[in-house]
Each structure stands twice: as structure tokens, then as C-alpha cells.
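Because the structure is a prediction, the values reported are computed rather than measured.
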Amino acid sequence: MAGISNQVRVKLLPHLERLCASTYLFEGLKPRGNQVLHITSRLFNEPKGVSMAANAQTTLSIHGHYDVRYALVYIGGRNEPYKNLIQQCLNKAGFKTDHAPRHLSGMNGNNITNTSKTGAGVQLELSTKLRKSFFKGDDFTSKNRINHGDLFKRFVTAIEKATLAYKQIE
């Protein structure tokens with residue numbers, strides 16, 4: 001199961017579906033100001049999403065965090081083998097990664113990321129600068145989300161490689 005942030009979802013979801021992963025999308029459809037819809041992963045309780053997570057072996061949850069200075073992926077969650085594979089694949093693809101700070105760590109047992117059958121998932125937090133760089137002209141407005149660039153393709157490929165490698169050891 002994967003949860004996807006709005007700007008990244010457009011092209012990443014088909015790749016995850018190709019990997020035989022169930023996908024769930026919580027998205028704001030307002031033209032702007034969707035941040036008022038934010039729900040922390042610990043408080044997320046939409047029944048369909050909760051059920052999907054509970055029936056998954058593990059989860060990959062992709063979020064955005066506000067940082068316009070650094071193009072960075074924070075990696076959190078309780079699934080250490082999957083986290084390590086994602087970090088290795090992202091780093092090899094040229095992405096800067098770091099361990100998620102406590103408030104974005106995805107370590108809480110009530111976090112939907114960790115409610116899978118194994119009780120462990122991975123939570124990625126993509127900075128604003130990185131998410132913008134996925135699209136032509138660093139523009140991640142809804143009108144421009146079909147115009148993804150090579151960096152986005154590299155990100156998708158890295159996640160795909162890590163997921164396939166994880167499925168081999170799972």
C-alpha cells in the first residue's frame with residue numbers, strides 16, 4: 001500500500017500499481033490552500049485507507065514537507081530493510097536523503113504507515129524544493145503536473161528498484 005502526496009501522485013501511482021501494490025490517495029482538490037486539509041499520519045482514520053493498510057504486508061507512505069531551500073528526502077518508518085533499500089536506491093540515483101527528524105519520523109505505532117500486518121512501513125517526506133524540481137519550470141501547480149522531468153523519472157525508477165528488491169527479501 002502506498003499513500004502519495006498530491007504533486008507526486010500523478011505519475012508515481014501507475015508505477016506502483018505495476019508493482020502489484022495497492023494504492024490509496026488522500027488528496028486536496030482545491031485550486032489552492034489544501035494545507036488546511038492536512039491530517040497527521042497518526043490521526044488518519046478514513047476507513048478504506050485504514051483497512052488497506054491493515055491488510056498490507058508493509059506500507060510506503062509518501063508525503064511532502066515544507067522546505068524550499070534543500071532538495072531532500074527524509075526517510076522514516078519502522079521497516080528498516082525497506083528503508084535501507086530505498087535510501088540506497090535514491091542515493092545511487094543522485095538524491096540527497098537523510099533520516100527523518102522526530103516530528104516526521106513515522107515511528108509512532110498509531111501512524112498509518114505502521115499499521116500493516118508487520119506493524120512496520122516506510123514514510124518518505126519530500127521537500128518542497130524537490131517536489132517542485134520534478135516538474136518543468138519548478139512548477140508543481142495542478143496545471144503543470146503532467147509536465148514531469150527527468151528527475152521525476154529517476155525518482156520513480158529508484159522507488160521501483162527498491163520495492164522490487166524488497167519484495168525479493170520479504
Side-chain angles (χ1 to χ4, degrees), residues 1-29 34-35 37-67 72-93 95-128 130-131 134 152-170:
M1 179 193 157
I4 311 297
S5 68
N6 290 346
Q7 297 86 7
V8 178
R9 71 173 161 76
V10 176
K11 295 293 179 183
L12 189 53
L13 281 176
H15 288 272
L16 293 175
E17 289 167 351
R18 188 175 71 213
L19 294 170
C20 298
S22 300
T23 56
Y24 180 86
L25 176 64
F26 178 76
E27 68 176 329
L29 299 175
N34 285 292
Q35 64 272 18
L37 303 174
H38 180 261
I39 300 171
T40 66
S41 297
R42 287 179 294 130
L43 299 177
F44 188 84
N45 65 357
E46 192 282 321
K48 185 176 179 182
V50 169
S51 175
M52 286 179 72
N55 289 308
Q57 279 303 114
T58 192
T59 60
L60 170 62
S61 181
I62 303 175
H63 305 260
H65 75 276
Y66 182 78
D67 183 346
L72 175 68
V73 179
Y74 284 131
I75 303 176
R78 293 180 165 185
N79 188 326
E80 292 298 326
Y82 196 15
K83 278 172 41 175
N84 292 336
L85 287 166
I86 289 173
Q87 186 166 26
Q88 290 169 14
C89 290
L90 286 173
N91 290 157
K92 189 172 184 180
F95 292 94
K96 183 173 173 25
T97 63
D98 201 353
H99 299 289
R102 184 178 170 155
H103 71 286
L104 299 174
S105 70
M107 294 298 287
N108 188 295
N110 293 328
N111 184 318
I112 192 163
T113 302
N114 298 316
T115 60
S116 65
K117 290 178 181 178
T118 61
V122 176
Q123 179 170 302
L124 302 181
E125 294 281 351
L126 283 60
S127 70
T128 309
L130 178 61
R131 287 178 285 133
F134 285 160
F152 184 86
K153 293 174 192 172
R154 284 198 347 247
F155 180 83
V156 169
T157 300
I159 296 298
E160 184 178 57
K161 285 180 181 177
T163 302
L164 289 171
Y166 179 71
K167 284 184 167 204
Q168 297 298 311
I169 62 170
E170 182 179 44

Can you tell which of Thr59, Asn108, Thr58 makes a side-chain contact (heavy atoms from CB on, under 4.5 Å) with Thr113? Thr59
So does Pro47 get a backbone contact from the side chain of Ser51, meaning a donor-acceptor N/O pair under 3.5 Å? no
Can you tell me how far CD of Glu80 sits from CD of Gln87, rounded to the nearest 0.5 angstrom? 10.0 Å
Once rounded to the nearest 0.5 Å, what's the spacing between atom NZ of Lys96 and atom CG of Leu130? 12.0 Å
Output yes when a side-chain donor or acceptor of Lys83 lies under 3.5 Å from a complementary backbone atom of Gly77, and no otherwise. yes
Sorted by chain and number, sequence neighbours left out, salt bridge (Lys or Arg N to Asp or Glu O under 4.0 Å) with Lys167 holds for none
Counting only N and O atoms by type, is there a donor-acceptor contact under 3.5 Å from the side chain of Asp67 to the main-chain atoms of Thr128? no
Return the orientation label for the Phe134 and Phe155 ring planes: parallel under 30°, perpendicular over 60°, tilted otherwise. tilted
From Glu125 atom CD to Thr97 atom OG1, the distance as rounded to the nearest 0.5 Å: 14.0 Å
Stepwise, does the side chain to side chain donor-acceptor pair (under 3.5 Å) test hold for Ser127 with Tyr74? CA-CA 8 Å; Ser127 70; Tyr74 284 131; over 6 Å; no
Any sub-3.5 Å donor-acceptor pair from Ser105's side-chain atoms to Ala100's backbone N or O? no
Full working for side-chain contact (heavy atoms from CB on, under 4.5 Å) between Met107 and Arg102: CA-CA 8 Å; Met107 294 298 287; Arg102 184 178 170 155; over 6 Å; no
Residue pair Leu124, Ile75: steps toward the side-chain contact (heavy atoms from CB on, under 4.5 Å) verdict: CA-CA 5 Å; Leu124 302 181; Ile75 303 176; 3.8 Å; yes
N/O donor-acceptor pair under 3.5 Å between Ser116 side chain and Ala54 backbone: no
Nearest-0.5 Å distance, OH of residue Tyr66 to CZ of residue Arg131: 10.5 Å
Quick one, Val122 and Tyr166 - any side-chain contact, counting heavy atoms below 4.5 Å? no
Candidate list Ile112, Asn55, Thr115, test side-chain contact (heavy atoms from CB on, under 4.5 Å), partner Val50, passing option: Ile112
Value for CZ (Arg78) from CG (Asn114), rounded to nearest 0.5 Å, stands at 5.0 Å
Let me confirm one number: the CG-CD1 distance from Leu85 to Ile159, rounded to the nearest 0.5 Å. 10.5 Å
